[in-house]
Amino acid sequence: MTLSVPAPPTPRAAAEPGGGVHRGDGRAALGFLAPSTSGFLLFTLIPLVGSLAISFFAWPVLGRRRFVGLENFVELLSDPIFHRVMLNTLVFVVVYVPLNIVVSLGLALWISPRIRGRGLYRLLFFIPTVTPMIANALVWRLLYQPGGAIDQAFQAVLGTPAPNFLGDNRWAMAAVILMSVWQGFGYNMLVFSAGLDAIPQSLHEAASIDGAGPLRRFWSVTLPMLSPSMFFAMIMTLITSFQVFVQPYALTAGGPGVATETMVLHLYREGFVQFDLGTASTIGWFLFMIIMLVTALQFLGQKRWVHYDD
Amino acid sequence: MLLTAVLLLFLMPFVWMIATALKPPAEVFGAGNGLVGSEIRWSNFAEAWGYLPFGRFMLNGLYVALAGTAVVCVTSVLSAYAFARLRFRFRDRIFLLYLGTLMVPQEVTVVPMFILMQQFGWVDSYAALILPWAFTAFGTFLLRQFFLTIPRELEEAATIDGASRLRILLQVVMPIARPAIAVLAAFTFINYWNSFLWPLIVVNSRDMSTVPLGLNLFLSQNGNQWHLLMAAAAISMLPTVVMVVLLQRHLVRGIALSGLGGR
């Protein structure tokens with residue numbers, strides 16, 4: 001789903017659960033957990049194991065399936081188109097994530113002092129993250145068209161026509177990324193706003209009394225206090241950006257050529273256009289492995305810059 | 001001032017969407033065409049609505065989103081309470097397993113889920129649109145966080161009065177947790193309403209299409225009817241925008257509550 005909300009860290013300060021007022025909670029727990037765990041087993045755990053199994057098969061939607069071992073993995077790894085697809089996804093992630101973080105943090109800092117109407121600002125910047133992604137992408141597709149709004153702005157200001165953003169392979173990925181930043185940064189902006197609101201004013205005052213200027217206060221007070229929010233914003237944004245699908249699907253259909261074909265778009269095509277479920281499942285596992293790896297690296301790196309206040 | 005300028009630039013795509021939705025088709029592209037066309041055609045909205053069964057798409061989307069949200073809220077409240085307040089074997093391990101699955105991208109399970117739907121005979125049905133995503137661990141996690149902050153003493157008093165666990169949950173815990181449940185419900189509704197990849201895979205008839213699929217259908221059938229497409233896009237945004245406006249008070253708080261904000 002488009003707006004996956006991140007998993008926060010386990011609260012350290014929270015009361016240890018259990019030690020409750022009832023004894024023999026076992027049966028009650030069974031009742032309370034049954035609905036969610038049964039759905040969870042059927043729709044998460046079993047499919048997860050199933051998808052690994054399917055990736056070892058040639059599995060057409062109709063017709064005979066055949067065990068092929070690691071063949072799907074080997075074929076994908078030696079397929080130049082898939083190389084390009086991975087590269088495209090990587091380029092998207094590497095450009096999109098920092099842009100998203102910088103824009104959302106910048107605006108959160110800008111809006112966070114008690115300026116008039118900041119609630120309204122926050123709300124309006126947040127709107128595109130909750131409107132249907134496909135609708136947003138179609139609006140941008142209209143803007144990007146030759147003869148469309150952006151092209152006309154180019155003509156008016158620079159006197160030259162704009163590049164054919166979606167049809168030119170030097171521009172298509174940039175166009176996809178720009179639209180994605182526009183639609184996506186509002187969420188992190190709210191995350192950072194919540195983080196900023198929680199920094200005690202007294203810390204800034206103390207730093208001011210010690211003679212710290214605004215820049216110094218930003219580096220030594222705001223950033224460290226905000227680092228847990230930053231950490232989670234980064235992890236979640238990274239994970240979701242590897243899953244980019246709707247934007248290239250609706251803006252460029254992966255084109256021109258395969259210039260904006262991403263992993264999930266490729267997965268969709270292999271599985272549900274070419275009807276090759278085995279290959280699609282294998283792409284899913286590539287995606288999963290990359291996400292796990294990147295997340296693990298992030299967690300390893302967090303000690304160096306994330307400050308928890310205990 | 002500068003901030004307002006930035007905001008206006010940011011809102012341009014939406015402004016352009018509405019402007020295009022009100023133009024005569026011949027004036028969508030081309031030099032010298034401004035924000036407002038030679039006439040303001042409200043009829044584009046009616047035409048877009050009638051071009052494809054958009055009313056049906058809206059009803060499908062609302063039904064799927066509301067039913068999905070109801071299932072998510074009920075199952076999450078129950079399991080979150082169990083993890084927050086009950087003592088049972090393997091509790092922490094089961095909870096960790098829940099947490100672990102938050103990292104699994106939807107795309108990994110999409111293929112087996114599709115096969116499962118074929119086995120159940122659910123392809124092209126409401127069940128397929130609703131159930132597969134009604135059991136994510138996120139709701140359990142969010143509500144557990146909140147339940148842990150509720151003082152235990154409140155429940156102890158009810159226990160002494162002889163209330164059962166379920167009754168305590170319904171009459172003591174849930175009223176206090178209303179803001180958290182509202183945030184979960186809103187996020188879940190929006191996710192369902194906007195969802196695209198899964199409906200694209202599991203729906204193959206017009207009658208079962210949700211709104212995003214309807215927009216996609218529109219595009220593939222009438223690729224150059226931009227004025228109608230923009231009218232349809234504007235309509236598709238209404239429910240979630242209304243929801244966010246109604247909920248704005250809780251928005252930042254809700255995000256802080258999910259543990260992300262400062263501490």
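Naming: A, B, ... by sequence-line order, numbering from 1 per chain.
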Interface moiety of Leu142(A) toward chain B, non-hydrogen atoms closer than 4.5 Å = both
Heavy-atom nearest pair, Leu86(B) first then Arg91(B), reads O-NH1, 2.7 Å
Heavy-atom distance under 4.5 Å to chain A: side chain of Leu247(B), backbone, both or neither?
-> neither
If one checks every heavy atom of Phe245(A) against chain B at 4.5 Å, the contacting part turns out to be side chain
Which heavy-atom pair separates Leu287(A) from Met263(A) by the least distance, and what is that distance?
-> N-CE, 3.7 Å
Check whether Leu45(A) gets within reach of chain B through its side chain, its backbone, both or neither, counting any heavy atom under 4.5 Å.
-> side chain
Look at the aromatic rings of Tyr144(A) and Trp140(A) and report parallel, tilted or perpendicular, splitting at 30° and 60°.
-> tilted
Examine whether an atom of Leu138(A) lies under 4.5 Å from a heavy atom of chain B, and if so say whether it belongs to the side chain, the backbone or both; otherwise answer neither.
-> both
Can you tell which of Gly284(A), Ala53(A), Ala34(A) has the highest number of heavy-atom pairs within less than 4.5 Å of chain B?
-> Gly284(A)
Is chain B contacted by the side chain of Leu124(A), its backbone, both, or neither, given a heavy-atom distance below 4.5 Å?
-> both
Determine whether Trp182(A) and Pro128(A) make a side-chain contact, defined as any pair of heavy atoms from C-beta on separated by less than 4.5 Å.
-> yes
Name the region of Leu277(A), side chain, backbone, both or neither, that has any atom closer than 4.5 Å to a heavy atom of chain B.
-> both
Chain A contacts, top residue of Met12(B), Gln118(B), Met230(B) (heavy-atom pairs, under 4.5 Å) = Met230(B)
Any side-chain heavy-atom pair from Arg152(B) and Arg85(B) closer than 4.5 angstrom?
-> yes
Quick one: what part of Leu169(B) sits under 4.5 Å from any heavy atom of chain A, side chain, backbone, both or neither?
-> side chain
The reported gap from OG1 in Thr282(A) to CH2 in Trp59(A) (rounded to nearest 0.5 angstrom) is 12.0 Å
Let me know if Tyr81(B) has heavy atoms under 4.5 Å from chain A in its side chain, its backbone, both or neither.
-> side chain
Assess the pair Phe272(A) and Phe114(B): is the distance between their ring centroids shorter than 6.0 Å?
-> yes
State whether the side chain of Ser195(B) and the backbone N or O of Asn191(B) hold a donor-acceptor pair below 3.5 Å, judged by distance alone.
-> no
If you tally heavy-atom pairs under 4.5 Å against chain A, which of Thr240(B), Leu213(B), Ile94(B) wins?
-> Thr240(B)
Should Gln106(B) and Gln243(A) be marked as a side-chain hydrogen bond (donor to acceptor under 3.5 Å, both in side chains) after you check the CA-CA gap, both sets of side-chain angles, and the distance that decides it?
-> CA-CA 9 Å; Gln106(B) 179 200 347; Gln243(A) 296 167 264; 5.8 Å; no
Considering only heavy atoms, which portion of Leu97(B) lies under 4.5 Å from any heavy atom of chain A: side chain, backbone, both, or neither?
-> both
Please examine the side chains of Phe83(B) and Phe88(B), heavy atoms only from C-beta on, and report whether any two atoms are closer than 4.5 Å.
-> yes
Give the member of Gly271(A), Gly39(A), Gly31(A) that has the highest number of heavy-atom pairs under 4.5 Å with chain B.
-> Gly39(A)
Counting heavy-atom pairs under 4.5 angstrom with chain B, the leader among Phe231(A), Tyr249(A), Trp285(A), Phe242(A) is Tyr249(A)
Please look at Asn136(A) and chain B and tell me whether the side chain, the backbone, both or neither of the residue comes under 4.5 angstrom of a heavy atom of that chain.
-> both
Residue among Leu131(B), Val72(B), Leu238(B), Leu11(B) with most heavy-atom pairs under 4.5 Å to chain A | Leu131(B)
Pair Phe40(A) + Tyr98(B): ring centers closer than 6.0 Å = yes
Sort Trp110(A) into side chain, backbone, both or neither according to what part of it lies under 4.5 angstrom from a heavy atom of chain B.
-> side chain
Which answer fits Leu107(A), side chain, backbone, both or neither, if we ask what part of it has an atom under 4.5 Å from a heavy atom of chain B?
-> side chain
Hey, what do you get for CG (Leu143(A)) to CG (Asp151(A)), rounding to the nearest 0.5 Å?
-> 11.5 Å
Taking all non-hydrogen atoms of both residues, which atom of Leu116(B) and which atom of Leu42(A) are closest, and how far apart?
-> CD2-O, 3.7 Å
Chain A contact via Ser76(B) - side chain, backbone, both or neither, heavy atoms under 4.5 Å = neither
Contacting region of Phe286(A) [heavy-atom separation from chain B under 4.5 Å] = neither
Chain A interface, residue from Arg89(B), Met103(B), Met17(B) that has the most non-hydrogen pairs under 4.5 Å = Met103(B)
Which residue out of Val244(B), Thr75(B), Thr101(B), Leu7(B) racks up the most heavy-atom pairs below 4.5 Å with chain A?
-> Leu7(B)
Interchain contact, Phe120(B) with chain A, by part (heavy-atom threshold 4.5 Å) = side chain
Among the options Ser193(A), Ala149(A), Pro35(A), pick out the one with the most heavy-atom pairs lying under 4.5 Å from chain B.
-> Ala149(A)
Shortest non-hydrogen contact from Ala137(A) toward Leu251(A) = O-CD2, 3.3 Å
Presence of salt bridge, Asp161(B) and Arg167(B), under 4.0 angstrom = no
Sub-3.5 Å donor-acceptor pair from the side chain of Gln145(A) to the main-chain atoms of Arg141(A), do we have one?
-> yes
Pick one of side chain, backbone, both or neither for Ser281(A), based on which atoms fall under 4.5 Å of a heavy atom in chain B.
-> both
Honestly, the part of Trp198(B) sitting under 4.5 Å from a heavy atom of chain A is neither
One option among Ala19(B), Pro132(B), Ala82(B) has the most heavy-atom pairs under 4.5 Å with chain A, and it is Pro132(B)
Residue part contacting chain B, namely of Ser227(A), when any heavy atom lies under 4.5 Å = neither
Max heavy-atom pairs within cutoff under 4.5 Å with chain B, candidates Leu226(A), Ile54(A), Leu52(A), Ile46(A), goes to Ile54(A)
Are Val139(A) and Phe14(B) close enough that some pair of their side-chain heavy atoms sits under 4.5 Å apart?
-> no
